[in-house]
Amino acid sequence: MKIRAAIIPAAGIGTRFLPLTKAIPKEMIPLIDKPTIQHVVEEAIDAHLSDLFIVIGNNKQAIVDYFSSPYEHADLLKEKDKKRLKETLENRIAKATIRYLAQPKPLGLGHAILMARTVIEPNSYFSVLLPDDILVGTEPAIGTMAQLAKQNNAAVIAVQEIPQEKISAYGVISIAEQLNHDLYEVSCLVEKPKKENAPSNLAIVGRYILPHKIIAILDSMQGNSGELQLTDAIQKLIETGEKVLAYKIPHKRFDTGTPHGWLEAIGHFGLNDLR
Ligand code: G1P
């Protein structure tokens, strides 16, 4: 089983960063020298995912322009900087194809995944990377998760321990069985529970390996009121008998979807540059 597709939902309206996001997509907000979305694009490419699909809404043309245009002043850079630029952007991106899918309205993460219904091969698994969640570690998390999906013939979601007072901002899993120190079989999931109702302290991080079957499940949930939640669809996937594993990531995670998380990420990458 080869996992090739990476879906990167980037159609969110970025309310936490208004008024800036009137003009700049939140995924293009910089972390020193790279926009946040480039971190997940690089993670996907480092994990040998070759077919990248960025789901975009209105006002996101800057993302398309960024990944498609070569740097026009490359010739003026000194030899050393030219090499660095090539290494960090163009050469790496050349290892994959990036295509864009439209999500006309931000109707939830599940709805964003549905926009990829025609590009995901039947009977295959595909990956989802949320660009707000930036993971720093020795291995690309999504690559490890793809291996786990292949070995176990199962869907895999990333999780992390979160303090109880913050748990209601996440999808939270309930464990059927601990398989080893960082791998669990999931019995159920709940999206953004009240802290007193959270079934564990293991919160979903924005990395998923999912079977094609989830598309039909999401499709059947359309028209329900509110946003179409991916977490609810994964719950239904378990109910159909599909095995869903949770991988506790060893990475440092930055939630750049909030000003606080963004500032922490800036601190990390900025200090790294000084070393
Ligand atoms: C989404 C998911 C949630 C997950 C989170 C991780 O929520 O719905 O289950 O825990 O990403 O970042 P969002 O942050 O888009 O509200």
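Counting convention: from 1, in listed order, for ligands and their atoms alike. When reading the values below, keep in mind they use all heavy atoms of this one structure, side chains included, and skip hydrogens, waters and symmetry mates.
Counting heavy atoms closer than 4.0 Å to ligand 1, residue L130 contributes side-chain atoms (C-beta onward) but none from N, CA, C or O.
Within a 4.0 Å radius of atom 11 (O) of ligand 1, the protein has at least one heavy atom. Protein heavy atoms are absent from the space less than 4.0 angstrom from atom 15 (O) of ligand 1.
Residues L135 and L129 share a single hydrophobic cluster, defined by chaining ILVMFWY side chains whose heavy atoms lie under 4.5 Å apart.
For the 3.5 Å distance criterion, the side chains of Y66 and Q38 qualify, holding a donor opposite an acceptor. Using a 3.5 Å distance cut-off with no hydrogens or angles, the side chains of Q222 and D219 do pair a donor with an acceptor.
Between L109 and ligand 1, not a single N/O pair is under 3.5 Å apart.
The shortest contact between atom 5 (C) of ligand 1 and any protein heavy atom is with I204 O, 4.0 Å. Among protein heavy atoms, atom 8 (O) of ligand 1 sits closest to E191 OE2, 2.7 Å.
Within the listing of ligand 1, atoms 7 (O), 13 (P), 16 (O) sit less than 4.0 angstrom from a heavy atom of K192. Shown in contact with D133 at under 4.0 Å from a heavy atom are these atoms of ligand 1, numbered in order with element: 6 (C), 12 (O). In the vicinity of R253, heavy-atom distances shorter than 4.0 Å reach the ligand 1 atoms 12 (O). For ligand 1 and T231, the ligand atoms under 4.0 Å from any heavy atom of the residue are 9 (O).
Across every non-hydrogen atom of R207 and D133, the tightest pair is NH2-O, 2.7 Å. Summarising the geometry of P131 relative to T256, their closest heavy-atom pair is O-OG1, 3.9 Å, with the distance given to 0.1 Å.
Within the structure, the closest approach of L230 to ligand 1 does not fall below 4.0 Å when heavy atoms are considered. For the pair Q160 and ligand 1, no heavy-atom separation below 4.0 Å is found.
A salt bridge is defined here as a Lys NZ or Arg NE, NH1 or NH2 lying under 4.0 Å from an Asp or Glu carboxylate O, and E165 with K195 fails to meet this definition.
Using bins of under 30°, 30° to 60° and over 60° for the plane-to-plane angle, the ring pair W262/F17 lands in the perpendicular bin.
Side-chain contact check for V55 versus F53: every heavy-atom pair is 4.5 Å or farther apart.
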